[in-house]
2 protein chains.
Amino acid sequence: MAASIKDVAREAGVSIATVSRVLNDVDVVNEETKKRVLSAIKKLGYRPNIVARSLKTQKTRTIGIIVPDISNQFYPEIVRGAEDVANIYDYNIMLCNTDLNIEKEMEYLKVLKEKMSDGVLYMSNSLEPKILELIKQLQLPMVLVETTSKEDDIPSVTIDNEKAAYDGITYLIKKGNRNIAYIGAGEDTVNASAMRYKGYRRALQENNLELNKDRVYFSSPKAKDGYKGINEILNKTKIDSIFCTSDEIAIGAINALRDKGIKVPEDIDVMGFNNIYLSSIFYPKLTTVAQPIYDMGSVGMRMLIKLINKQELEERNYVLLHELIERDSCKK
Amino acid sequence: MAASIKDVAREAGVSIATVSRVLNDVDVVNEETKKRVLSAIKKLGYRPNIVARSLKTQKTRTIGIIVPDISNQFYPEIVRGAEDVANIYDYNIMLCNTDLNIEKEMEYLKVLKEKMSDGVLYMSNSLEPKILELIKQLQLPMVLVETTSKEDDIPSVTIDNEKAAYDGITYLIKKGNRNIAYIGAGEDTVNASAMRYKGYRRALQENNLELNKDRVYFSSPKAKDGYKGINEILNKTKIDSIFCTSDEIAIGAINALRDKGIKVPEDIDVMGFNNIYLSSIFYPKLTTVAQPIYDMGSVGMRMLIKLINKQELEERNYVLLHELIERDSCKK
DNA sequence: TTGTATGCGTTATCAT
DNA sequence: ATGATAACGCATACAA
């Protein structure tokens, strides 16, 4: 068994209280005894047992991160941003993959509470009533990333998805495109990306362009859906450009076009969304609406830590800035 | 404050011992009182405090995963495989990014011990003496993934990297290639991938092909290094094919070739390594040596859990099977 | 400045 | 079948 505070106390010839004091650098303790304690600690290779400390202090310095799938999309980078900040403040993170399965989400939330996580960073599509109720009941400090809570006011960090899509479409229109297809997140999606379709429609409307449902294909953010989407759309109508709500969709779309002998961007413009690493090394390099992915994680974690420490949040619903990145998949 | 076992006991009119018994389904407890306890639990919305339980049982049911960078390479998928298995056995995972920084690795190892993790899954390049010493001292159950420990016998899961590279090169040779470039992990790399260069040399040798250092470029596994590598190599000599020790390198290489007007695979064959998701949607689709990435995580976690439960490992150094996946970046 | 004692929420041993 | 209680390792209020 590893050495405990008792062993250190015995070795240094003091009480455990004194050892605890030097451990936590609290109260005043005689320089001489402090030295004795320190050397006893070193001699025994003692490390405080954080579990015991947590039981006493009711704080574990670990934070749960609930994520749909760490092997997917931009979640790795969000998590990285979050962990970096957590690390700075001496927190560790517990990673939980849910596959957007409500039952799994609820299970993890409960476990996180039982393990006394100090808070949770939550990413999901939906915030179903069942989940919301559980969250309230559990009383865990929480912030939403890339997810919004509508009426209920759980702090969140997102981008302005409606505006981001609007900006992307406007760009396409300015380049002379008129028949702009849309592939990706639908209105029913409950997470933040649902607003993108709204932005698409507003941009069309403000430019007196007609909304043609034949050019719209709602789907998951995967490449294969981009591929399928293009084929479906081209069967029905003509287009001069495509707005995709993820870079993977854009890649799938470009692959489909290539298979049909259609060139990007010579024949058709394709715009992605998110600016994942991939989009800068794909050919052609993707023009895309960038989300500050890493920052969403780091800002979210910063907010959460403030929340945990009962500090005031200057902004409960943080909206980070998106940016249109011009590369090679749209005509210059 | 959340309800504790005491509250439940009071509510049900029994002792905490009895509550604990029904909680853990241990000993025999009267059906009648069991019901009372259960309903008290429900009424109070009681959840056991796992931290307290951990202090008592000396087990936390959480496992640390030490990884260079979750936002990089195939680590997300390894971690996903690991978490899925952990989840099955009711373990949670603590994610730690080290950027291959030794100090960070040591720090995390210590914290993991202090927080009483039941074990750790360790991914790194090196197993420096300092680390090895700390590992021994900490006495944490551990398994290495995509990392080997040479003399010290820490259980591990890898593929046969030498053979995998050998198979890749042999394939290239069979397709008629004679001047095969190599870009990627060098011999000095201490992790498993260092063996790939060995496989490259052996394949050349067995086919009476000369090893020409001008065709070899040691680098990190990033795309930009593939790009740079090609330019350096083509400045010095002629090649008909390229073996890359990561898919990202292969992509960088293909991009460099395209910029020079060289076609893949018509002019030059390019082979990747790992078979990350990307390689199946890139154009051209990458012919690559596949590692069973997800499985490395899941198998590693399975081994670790066995280790934690003091079960016998049928194989301490698990070697998973690689597979050559023929796609479009090499001539058919 | 230092020590004693209590409690954090459990599990498990020993009585009853 | 159930209850009282010690112990897990630490932090801290209170005494000295």
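Below, chains carry the letters A, B, ... as their sequence lines are ordered, and counting in each starts from 1.
Contact annotation for B:Thr33: backbone-only contact, meaning every heavy-atom pair under 4.0 Å involves sugar-phosphate atoms and none involves a base. Within the nucleic acid shown, B:Asn24 comes within 4.0 Å of sugar-phosphate atoms alone, with no base atom in reach, counting heavy atoms only. At the heavy-atom level, A:Val14 lies under 4.0 Å from the strands shown only through sugar-phosphate atoms. Nucleic acid contact class of B:Ile16 (heavy atoms, under 4.0 Å, all strands): base.
For B:Ile5, whose side chain is taken as the heavy atoms from C-beta onward, the closest listed nucleotide among C:dG3, C:dT2, C:dT10 is C:dT10. Of the candidates D:dT2, C:dT11, D:dG9, D:dG9 carries the atom nearest the A:Leu55 side chain, counting heavy atoms from C-beta on. When distances run from any side-chain atom of A:Pro48 to the nucleotides D:dG9, D:dT2, D:dC10, the shortest one goes to D:dC10. Here the nucleotide nearest the side chain of B:Lys56, chosen from D:dA6, C:dC8, C:dG3, is D:dA6. Of the candidate nucleotides C:dC8, C:dT4, D:dC8, C:dT4 has the atom nearest to the side chain of A:Ser15.
Where A:Ala17 and A:Lys6 meet DNA chain D, the nucleotide closest to each residue was compared, and A:Lys6 sits on the side nearer the 5' end.
Not a single donor-acceptor pair under 3.5 Å links the side chain of A:Asn317 to the backbone N or O of A:Pro155. Of the possible polar contacts, one joining the B:Ser39 side chain to the B:Arg36 backbone as a donor-acceptor pair under 3.5 Å is found.
A sub-4.0 Å separation between OP1 or OP2 of D:dG9 and a side-chain N or O of A:Arg53 is absent. Side-chain N/O atoms of A:Gln58 include none lying less than 4.0 angstrom from OP1 or OP2 on C:dG7. Using a 4.0 Å cut-off, no side-chain N or O of B:Thr18 falls inside it from OP1 or OP2 of D:dT2. The shortest distance between the side-chain N/O atoms of A:Ser20 and the OP1/OP2 oxygens of D:dA11 is below 4.0 Å.
Judged purely by distance below 3.5 Å, without hydrogens or angles, the side chains of B:Asn92 and B:Thr62 never pair a donor atom with an acceptor atom. Side-chain atoms of A:Tyr122 and A:Glu105 include a donor-acceptor pair closer than 3.5 Å.
In this structure, CG of A:Asp27 is placed 9 Å from P of D:dT12, rounded to the nearest angstrom. One interatomic measurement links the two molecules: CG of B:Asn49 to P of D:dC8, which rounds to 18 Å at whole-angstrom precision. Between A:Arg21 atom CZ and D:dC14 atom P there is a gap of 14 Å when expressed in whole angstrom units. Rounded to an integer number of Å, the gap from CG of B:Asp25 to P of C:dA12 is 13 Å. With rounding to whole Å, A:Lys59 atom NZ is found 11 Å from D:dT12 atom P. Atom CZ in B:Arg61 sits about 17 Å away from atom P in C:dT10, given to the nearest Å.
In summary, B:Arg21 and B:Asp27 engage in a salt bridge, as defined by a charged side-chain N under 4.0 Å from a carboxylate O.
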